[in-house]
Amino acid sequence: MIRKKIIKIVTISGARPQFIKASVVTAAFARTPGMEEVVVHTGQHFDANMSDVFFAELAMPAPRYQLDIHGGSHGEMTGRMLMGIEKVLLQERPDAVLVYGDTNSTLAGTLAAAKLHIPVAHVEAGLRSFNMRMPEEINRILTDRISRWLFVPTEAAAQHLRREGFAEEQILPVGDVMFDVALHYGERVKPEGGLLASMGLKPGAYVLATIHRAENTDHPQRLANVVDALVFTARSMPVVWPLHPRMRAILQQTGRLDKLSSQLHLIEPVGYLDMVQLEKYAAVIATDSGGIQKEAYFYKVPCVTLRDETEWVELVEAGWNRLAPPLDAAAVLAALRASLGSHGAEIAPYGQGDAAQRIVQRLVSDLT
Ligand code: UDP
């Protein structure tokens, strides 16, 4: 079929997990004749090791627009993004806007587009924690409400949208783009060399920890419980913790960074391939990240989720993931111990590894 015009998509990206998710979709756009993707980087994550490293490693072209908006309160950040993105959309006049996940960049992109009557495609739609105190929950509910295409990664996500009354034709089960990324890069990563060798870590004999959610970083008692459990664990097994910039700042402000550095392997955020190596060969992963819960499962590593609830319920049901709300250190420690050496049931909840291709195909067919 001969298309009349080029289909133009503006992608809004701004935070680490979005760069990773976008890598496979951007590659699928690039393979598709008649498509033009214009990438806007809001600037939400801006450090070289939170942003540039992913564009380099995952072979993505530099974003066409850099809005350089970060810091400030949620309202200020989202408001400034809304203004910046609106200007870009007025200039580019795309056929659709693509957003990922649940950050302030996601919400700002969606709102700017919807007000200009530009249809929005939401990748990772339908996830719910049912915890309205999470900024991410607010962002994702509002984004879903005003998006046209709801690309859901799991059956649970589709069910949530059905329950909320969305029309069946809007709910598009394509699988999880993070599964696509893991299939693409996971195989390449080996236990020899790399970060493991330089840190003197043995495959299968260390714990990997990541903590960045406000509910833990901004709650002194919860954070203390997590830290105590990790310090205790480190007596018998090394604990590696790539510190999110916000987490590092809090440990510094509270005067704990120096002592902790002598007890745990506290490192800077790492690139994606180093992270995959750390994940793939960990004995257990302790995290409050959404993406890392799934990556643990992709590499068949048991996971302890340091939260009260999770959006990725299928992993808890199948026994790959344990919820350990950090209400006391002993409970976190017990979950870590119980996870060691454990395996879950065989499941396949995240599609076939072709989510990116399906997303692009659907947009092409609806916009042609
Ligand atoms: N990640 C990384 N380096 C790090 C920590 C995380 O590359 O030091 C990757 C991780 O592998 C996953 C993504 O970042 O693909 C998860 O991002 P994050 O935990 O910041 O956000 P969430 O998934 O909770 O939205």
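Scope of the values below: all heavy atoms of this structure, side chains included, with no hydrogens, waters or symmetry mates. Whatever order the structure lists ligands and atoms in, that order sets their numbers, starting from 1. Because the structure is a prediction, the values reported are computed rather than measured.
- Looking only at protein heavy atoms, the nearest one to atom 21 (O) of ligand 1 is Pro17 CG, 3.4 Å.
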For this session: Start with the C-alpha distance between Ser339 and Ser342, add both sets of side-chain angles, then the distance that settles side-chain hydrogen bond (donor to acceptor under 3.5 Å, both in side chains), and finish with yes or no.
Result: CA-CA 5 Å; Ser339 289; Ser342 74; 4.8 Å; no
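- Residue contact check: Arg213 has heavy atoms under 4.0 Å from atoms 24 (O) of ligand 1.
- Scanning all protein heavy atoms for the shortest distance to atom 7 (O) of ligand 1 gives Phe54 CE2, 3.3 Å.
- Using a 4.0 Å cut-off between heavy atoms, Glu295 contacts ligand 1 through its side chain alone, with no backbone atom that close.
- Closest protein heavy atom to atom 9 (C) of ligand 1: Ile20 CD1, 3.6 Å.
- Within the listing of ligand 1, atoms 11 (O) sit less than 4.0 angstrom from a heavy atom of Glu279.
- The one candidate from Glu164, Glu137, His160, Glu311 that meets the side-chain hydrogen bond (donor to acceptor under 3.5 Å, both in side chains) condition with Arg128 is Glu164.
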Exercise. Which is it for Asn139 and Thr106 under the side-chain hydrogen bond (donor to acceptor under 3.5 Å, both in side chains) test, yes or no, and what are the steps along the way?
Worked result: CA-CA 7 Å; Asn139 290 341; Thr106 316; over 6 Å; no
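- Near Gly290, with a cut-off below 4.0 Å to any heavy atom, the atoms of ligand 1 are 22 (P), 23 (O), 24 (O).
- With Glu36 contributing its side chain and Ile6 its backbone, the two residues share no donor-acceptor pair below 3.5 Å.
- The protein non-hydrogen atom at the shortest distance from atom 23 (O) of ligand 1 is Gly291 N, 2.7 Å.
- The aromatic rings of Phe298 and Phe179 sit tilted, their planes meeting at an angle between 30° and 60°.
- Only the side chain of Pro242 comes within contact range of ligand 1, with a heavy atom under 4.0 Å; no backbone atom does.
- The protein atom (non-hydrogen) at minimum distance from atom 1 (N) of ligand 1 is Met275 CG, 3.7 Å.
- Shortest contact from atom 20 (O) of ligand 1 to any protein heavy atom: Arg16 NH2, 2.9 Å.
- Across all their heavy atoms, Ser147 and His122 have their closest contact at OG-CB, 3.6 Å.
- For ligand 1, the atoms sitting less than 4.0 Å from at least one non-hydrogen atom of Pro269 are 8 (O), numbered in the order shown with element in parentheses.
- If you number the atoms of ligand 1 from 1 as listed, the ones under 4.0 Å from a heavy atom of His212 come out as 18 (P), 19 (O), 21 (O), 24 (O).
- Contacts of Met178 with ligand 1, taken as heavy-atom pairs under 4.0 Å, involve the side chain alone.
- Less than 4.0 angstrom separates some heavy atom of Tyr272 from each of these atoms of ligand 1: 7 (O), 15 (O).
- With respect to atom 3 (N) of ligand 1, the closest heavy atom belonging to the protein is Val270 O, 2.7 Å.
- In this structure, the protein non-hydrogen atom closest to atom 19 (O) of ligand 1 is Ser289 OG, 2.7 Å.
- Close to ligand 1: Gly271, with a non-hydrogen atom less than 4.0 angstrom away.
- In this structure, the side chain of Asp288 engages the main chain of Arg213 through a donor-acceptor pair within 3.5 Å.
- In terms of heavy atoms, Phe19 sits closest to Ser13 at CD2-OG, 3.3 Å.
- The environment of CD in Gln352 is sparse: at most 12 heavy-atom neighbours from other residues, nucleotides or ligands sit within 6.0 Å.
- The closest donor-acceptor contact from the side chain of Glu279 to the backbone of Glu295 lies at 3.5 Å or more, if one exists at all.
- A distance-only check finds no donor-acceptor pair linking the side chain of Glu136 to the backbone of Asp102 [under 3.5 Å].
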